Amino acid sequence: MMRVRFAPSPTGYLHIGGARTFIFNWLYARRHGGTMVLRIDDTDIERNTQTSLDSIFDGLNWLDLGWDEFYRQSDRLDLHTKSAWAIFEKGMAYRDFTPASAAPAEDSPGGWLFNPGMRELSREESDRRAAAGEPFVLRYRVPRETRADVVVPDLVYGNVTKATADLEDFALLRSTGVPTYHMASCADDADLRITHILRGQEHLANTFKHVLIFEALGVDVPKTAHLPLLMAPDGAKLSKRKHGPVVSVTTYRDAGFLPHAFVNFVSLLGWSPKNDIEKMTREQMIELFSLEGINRANATINFTDEDPFDPKAVWLNAEHLRSLELDDLAAQLGPFVTQQFPNATPEKIRAVTPLIRERIRLLREVNTVADFFFLDQLAPYDPAELIPQKGDAAMAKRVLTKAREVLADVPAFNHDSLDAALRGAAEELKIKAGQMFQPIRVAACGRKNAPPLFETLEVLGKETVLPRLDAALGIL
RNA sequence: GGCGCUAUCGUCUAAGGGUUAGGACAAGGCCCUCUCAAGGCUUAAAUACGGGUUCGAAUCCCGUUAGCGCUACCA
């Protein structure tokens, strides 16, 4: 049975990179009928915050993908500690009594591999000093004498090799007795029977240590698949600290991305279905997902200070928006509209939906594209806008007067009668249809760009349109 | 510094010994059109550099350069 896991540490909000790791794990599990484990790696009590944990759940829940099992690493501390001591008992780790401040300089030749003298300490001596209360860290004893290198058979990067001579004796337990990340992570992966680890490439270099720990634990080494990193346009690895909320998934949510559109966009960063398909349903993504399609080069997300969203993400969102059923889209739009226009009714929003479906790319844009449907009073606009192409103020006045008259007694205030009435009026005035429509559009919507006129007037309704025509006439 | 990884249009990517190096986003143009969109057509745009191997290299090998990552008693 395949088992994968996503193991965030609650030290900041869920960002795009984390979301992508989650998504790839999820996709891989679903593709192969495996189990998706969510594990909160919260062993770093110093940096953990509840806010961060909440934010991670916010983000994950919004993604709407779900998971099968849940664990908190802090509940499993005992396991990690016992695992470390088991390694010690096998003679594969030793106590290092060197005070943290006395550690050799990182670049002193050979010295950084371990602290001199400590790995040769006899067991008796080691036990005696420990019993005397001398603080120590527990270090893994890298078998440099018996083994030339460690090989990571990565599913994405292939066999990656590192000489044991280049591996330092890394810590398993801190001097406080608390397990390090490497120890805790491997002990948990082993205990939870994780079979495949998909994670960011920043962990590739750590994996050599992990292989050693798994072997020391006497378990099968999980297969790893490292993912290329997500970079910011400034060339640095995407990070919450450096790039701020633009990388938080809640930023996407609040701007009106559809969860699936976001998932779709993110999945295309470092992975390709290799068939030129970009817009995919969830089912298609599951069907097409494979480790073969994962790239090895880092991917840059294209955002700027002015626009935090990659244009392709926005485009994909627009695509998914357009393929939503009108009722669904109206429901998605609801919260965004009522946030700004508390009096907007669901019926009104539903009526407006077909008119804006192809005109918004983010849900929140409903408030700028369709505000005039929900406003009682139009914001002031430049009367010059009312003047049609190749026309003048006099023409605008004639158009609006005529429109006022025709619309007042049009048989029904719907698309077809409005079409007939207004085209007829244009003919009577001997002007082009466009010259007829533009002043009316501006009078009704308060600006030049809006959805098609007849539908717009129909949704606005006679009781709204007539006063707005009067108002326009008033400022001409 | 040491070690590891990577390098195709501005961005995401396809092609993995033989292609006019393909697609998408963004940009430009044209068409459609009551405006704005959407849609259709179209233009410009890339194999980091240098050596090999080969009849033939974006693709395999070596080197250079550049970028990124790791190098903690952080995760």
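Residue numbers begin at 1 in each chain, while the letters A, B, ... track the order of the sequences. Predicted model, so just to flag it, every value in this text is computed and none were measured.
Summarising the base pairing, B/C9 is matched to no nucleotide, lacking a Watson-Crick or G-U wobble pair whose two defining distances lie under 3.5 Å. In this structure, B/C34 makes no Watson-Crick or G-U wobble pair, since no nucleotide meets both defining distances under 3.5 angstrom.
Between A/Phe374 and A/Val352, the closest side-chain pair of non-hydrogen atoms falls below 4.5 Å. Side chains of A/Phe97 and A/Leu121 form a contact here, defined as non-hydrogen atoms less than 4.5 Å apart.
Nearest-nucleotide mapping onto RNA chain B: of A/Ile301 and A/Phe454, the residue sitting toward the 5' end is A/Ile301. With RNA chain B read from its 5' end, the first of the two nearest nucleotides for A/Ile360 and A/Asn206 is the one closest to A/Ile360.
Rounded to whole Å, atom P of B/A75 lies 13 Å from atom CE of A/Met183. The CZ atom of A/Arg359 sits 12 Å away from the C1' atom of B/G39 (whole-angstrom rounding). Rounded to a whole Å, the CG atom of A/Leu386 is 17 Å from the P atom of B/U35. Summarising the geometry, the separation between CG on A/Asn449 and P on B/U33 is reported as 19 Å, rounded to the nearest angstrom. For A/Asn275 and B/A24, the CG to C1' distance is 12 Å, given to the nearest whole Å. Between the NE2 atom of A/His226 and the C1' atom of B/C70 there is a distance of 11 Å, rounded to whole Å. Between A/Phe170 atom CZ and B/A72 atom C1' the separation is 13 Å, expressed in whole Å. Across the protein-nucleic acid pair, A/Trp315 atom CH2 and B/A24 atom P stand 9 Å apart, rounded to whole Å.
Applying the 3.5 Å distance criterion, the base of B/C36 shares no donor-acceptor pair with the side chain of A/Arg447. Counting distance only, with no hydrogens placed and no angle test, the side-chain atoms of A/Lys274 and the base atoms of B/A14 include no donor-acceptor pair under 3.5 Å. Checked by distance alone, A/Glu278 brings a side-chain donor or acceptor within 3.5 Å of a matching partner on the base of B/G23.
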Scan nucleotides 4-6 of chain B against the protein and return all N/O pairs shorter than 3.5 Å with their distances rounded to 0.1 Å.
unit_1 : atom_1 : unit_2   : atom_2 : d
B/C5   : O2'    : A/Gln201 : NE2    : 2.9

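Between atom CG of residue A/Asp310 and atom CG of residue A/Asn317 there is a gap of 12.5 Å, rounded to the nearest 0.5 Å.
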> Given the rule in the salt bridge (charged side-chain N to carboxylate O under 4.0 Å, His left out) test, do A/Glu292 and A/Lys274 qualify, once you have shown the distances and angles that lead to the verdict?
Replying inline: CA-CA 10 Å; A/Glu292 319 292 308; A/Lys274 295 181 184 275; over 6 Å; no
>> If you apply the rule salt bridge (charged side-chain N to carboxylate O under 4.0 Å, His left out), what do you find for A/Asp41 with A/Arg5, and how did you get there?
In response: CA-CA 11 Å; A/Asp41 279 8; A/Arg5 46 65 153 189; 5.8 Å; no
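B/G23 sits 15 Å from B/A14 when the P atoms are compared, rounded to a whole Å. Using atom P as the reference point in both B/C30 and B/A37, the two lie 14 Å apart (nearest Å).
Look at A/Arg144 and A/Asp169 and you find a salt bridge, because one of the NZ, NE, NH1 or NH2 atoms lies within 4.0 Å of a carboxylate O, short of that distance. Remark: A/Glu319 does not engage A/Lys312 in a salt bridge, criterion side-chain N to carboxylate O under 4.0 Å. A salt bridge links A/Glu145 to A/Arg119: at least one charged side-chain nitrogen sits closer than 4.0 Å to a carboxylate oxygen.
Both tests do not hold together for A/Arg72 against A/Phe70: distance to the six-membered ring centre under 6.0 Å, angle to the ring axis within 45°.
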> Could you run down nucleotides 42-49 of chain B 5' to 3' and tag each one B, S or - for protein heavy-atom contact under 4.0 Å?
Replying inline: --------
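Of the listed nucleotides (B/A75, B/U13, B/U35), B/U13 has the atom at the smallest distance from the side chain of A/Asn295. Counting only heavy atoms from C-beta on, A/Ala299 has its side chain closest to B/C12 among B/A38, B/C12, B/U35.
For A/Phe454 and A/Phe437, the ring centers are positioned less than 6.0 Å apart.
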